[in-house]
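The figures here come from the full heavy-atom set of this structure, side chains too, leaving out hydrogens, waters and symmetry mates.
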Amino acid sequence: MKLKTVLTAAAVVTCLSVLTPPAVASPAPPDPAPGGPQRPYEPDVEGTKNIDSLSVTATRGAGRSVTIAFDRSSRAETGEVPAGARRFVFLFDRSVRFNPEAFPTCARTVIEERGARACPAGSRIGGGLGTSADGQSQEVLAFNTRVGRSPGVLVVLTGSGVVLEQTLERVADPYRKDYRWALDEILPPTSVPPQDRAGTIRFQLSFGATRRHQGRTVGFAETTAKPGDRLTFGLWSEFVTGQVVLPTARTPLKNGGR
C-alpha cells in the first residue's frame with residue numbers, strides 16, 4: 001500500500017511537470033521607429049544588465065504648447081557602472097504633435113565649428129542635464145535642425161562637446177495605440193571599445209520652446225489634451241550588451257498658468 005502511494009505521488013509530479021510549460025523570457029520590446037536612420041552594426045558585448053526607470057512631466061503653456069520633460073534614471077544590476085547605450089527612442093503621447101517648421105534650425109556643422117552659441121536665435125527648443133556614474137553633471141542643449149531631409153533635434157552635451165542627432169519619426173505598430181511620434185537618437189560607435197563605454201545614471205531632457213509664428217504663439221511641441229488628462233510617454237533604449245528596455249510613464253497634463 002505504501003509503495004502504491006509513493007508511485008501515485010510520483011506519477012502526479014511527473015504529470016504536472018509535463019503539463020507546466022517552462023518559463024520563457026519576455027521578448028524584447030520591438031523597434032518603435034525601424035524606418036529611420038540605421039546605426040552601424042556592432043556585435044553585442046558581455047556586460048551588466050541595466051535597470052532603467054522613467055518619470056515625465058507635461059506642462060501646458062500658451063495656446064496648445066506643452067513642455068515635456070523626460071527624466072531617466074539607470075543603474076547596473078550588479079552595482080557597477082551602467083552599460084553604455086546604442087540608441088534611445090523618445091515616445092510621445094498620441095495627443096502630442098510637433099511644429100519644427102515654425103522654428104529656425106541650427107546645422108550640426110555650425111555647432112561643431114563655432115559652438116552652440118552660434119546657433120540662430122529661436123532654434124533652441126529644449127535642454128536638460130546628464131549625470132555620469134562618478135557624479136559629474138553636464139548641461140544638455142537641444143536645437144531644432146534637419147537631419148538629411150527629415151526634421152530633427154540636435155542634442156549637445158556641452159561638457160564633452162558630443163553632438164547627437166534625433167530624427168522625428170512616426171511610430172510603427174504595435175506602438176500606435178499609445179503614441180504617434182518618436183524622436184529617434186542614435187549614439188554612433190566610437191574608438192572606445194563597447195564594453196568600456198560608460199552609461200549615464202541620469203539623463204534629463206525637455207522639449208518645450210514657444211515663439212510667435214504667423215500671428216500666434218506656437219510651441220515646438222503641442223497637445224490637444226486638456227489639463228488633468230493623463231498622457232503616456234516611453235523611452236525605448238538599447239545598450240551595447242544587446243539589452244533593450246522600455247520604461248514608460250503616465251502623467252497628468254499640468255496647467256502652466258499662462
If I compare all heavy atoms of [X] with all of [Y], which pair ends up nearest, and what's the gap?
X: Val240; Y: Pro194; value: CG2-O, 3.6 Å
X: Leu253; Y: Leu231; value: CB-CD1, 4.1 Å
X: Leu154; Y: Ile111; value: CD1-CD1, 3.7 Å
X: Pro37; Y: Thr167; value: CD-OG1, 3.5 Å
X: Thr223; Y: Ser95; value: OG1-OG, 2.8 Å
X: Asn50; Y: Ala76; value: OD1-CA, 4.4 Å

Any side-chain to backbone donor/acceptor pair from [X] onto [Y]? Under 3.5 Å, distance only.
X: Asp71; Y: Ser55; result: no
X: Arg197; Y: Ala83; result: no
X: Arg230; Y: Arg250; result: yes
X: Arg97; Y: Asn99; result: no
X: Asp184; Y: Gln166; result: no
X: Glu222; Y: Gly219; result: yes

Below 4.0 angstrom, N of the basic side chain to O of the carboxylate: do [X] and [Y] qualify?
X: Arg108; Y: Glu165; result: yes
X: Arg60; Y: Asp229; result: no
X: Arg72; Y: Asp52; result: yes

State plainly whether one hydrophobic cluster holds both [X] and [Y], where clusters connect Ile, Leu, Val, Met, Phe, Trp and Tyr through side-chain heavy atoms under 4.5 angstrom apart.
X: Val81; Y: Phe239; answer: no
X: Leu164; Y: Leu205; answer: yes
X: Phe90; Y: Val245; answer: no
X: Trp181; Y: Val218; answer: yes
X: Phe207; Y: Leu168; answer: yes

Please determine, by modelled atom types, if [X] and [Y] share a side-chain donor-acceptor pair under 3.5 angstrom.
X: Ser73; Y: Arg202; answer: no
X: Thr131; Y: Ser137; answer: yes
X: Arg212; Y: Thr217; answer: yes
X: Ser206; Y: Thr67; answer: no

Criterion side chain to side chain contact (heavy atoms under 4.5 Å, CB included) on Phe92 and Arg180, from CA distance to verdict: CA-CA 7 Å; Phe92 297 87; Arg180 187 183 306 274; over 6 Å; no
As an exercise, state the distance from [atom1] of [X] to [atom2] of [Y], rounded to the nearest 0.5 Å.
X: Arg216; Y: Thr210; atom1: CZ; atom2: OG1; value: 11.5 Å
X: Glu42; Y: Arg39; atom1: CD; atom2: CZ; value: 4.5 Å
X: Thr200; Y: Gln136; atom1: OG1; atom2: CD; value: 14.0 Å
X: Thr48; Y: Glu77; atom1: OG1; atom2: CD; value: 6.5 Å
X: Glu185; Y: Ser237; atom1: CD; atom2: OG; value: 9.5 Å
X: Asn255; Y: Lys226; atom1: CG; atom2: NZ; value: 13.0 Å

Derivation and outcome, side chain to side chain contact (heavy atoms under 4.5 Å, CB included), residues Asp44 and Arg86: CA-CA 10 Å; Asp44 298 342; Arg86 286 176 177 161; 2.7 Å; yes
Atom CD of Glu101 with >12 non-hydrogen neighbours under 6.0 angstrom: yes
Validation row: [X], [Y] side chains within 4.5 angstrom (heavy atoms):
X: Arg124; Y: Leu141; value: yes
X: Leu54; Y: Thr248; value: no
X: Pro82; Y: Ile201; value: yes
X: Pro104; Y: Arg211; value: yes
X: Gln243; Y: Lys49; value: yes
X: Pro30; Y: Trp236; value: no
X: Phe233; Y: Leu235; value: no
X: Thr145; Y: Cys106; value: no

Stepwise side chain to side chain contact (heavy atoms under 4.5 Å, CB included) test for Ile125 and Phe143: CA-CA 5 Å; Ile125 50 81; Phe143 294 90; 5.7 Å; no
Stepwise salt bridge (charged side-chain N to carboxylate O under 4.0 Å, His left out) test for Asp31 and Arg87: CA-CA 11 Å; Asp31 189 339; Arg87 189 167 161 229; 2.9 Å; yes
Residues Leu91, Leu246; criterion side chain to side chain contact (heavy atoms under 4.5 Å, CB included); working and verdict: CA-CA 10 Å; Leu91 300 170; Leu246 177 55; 3.9 Å; yes
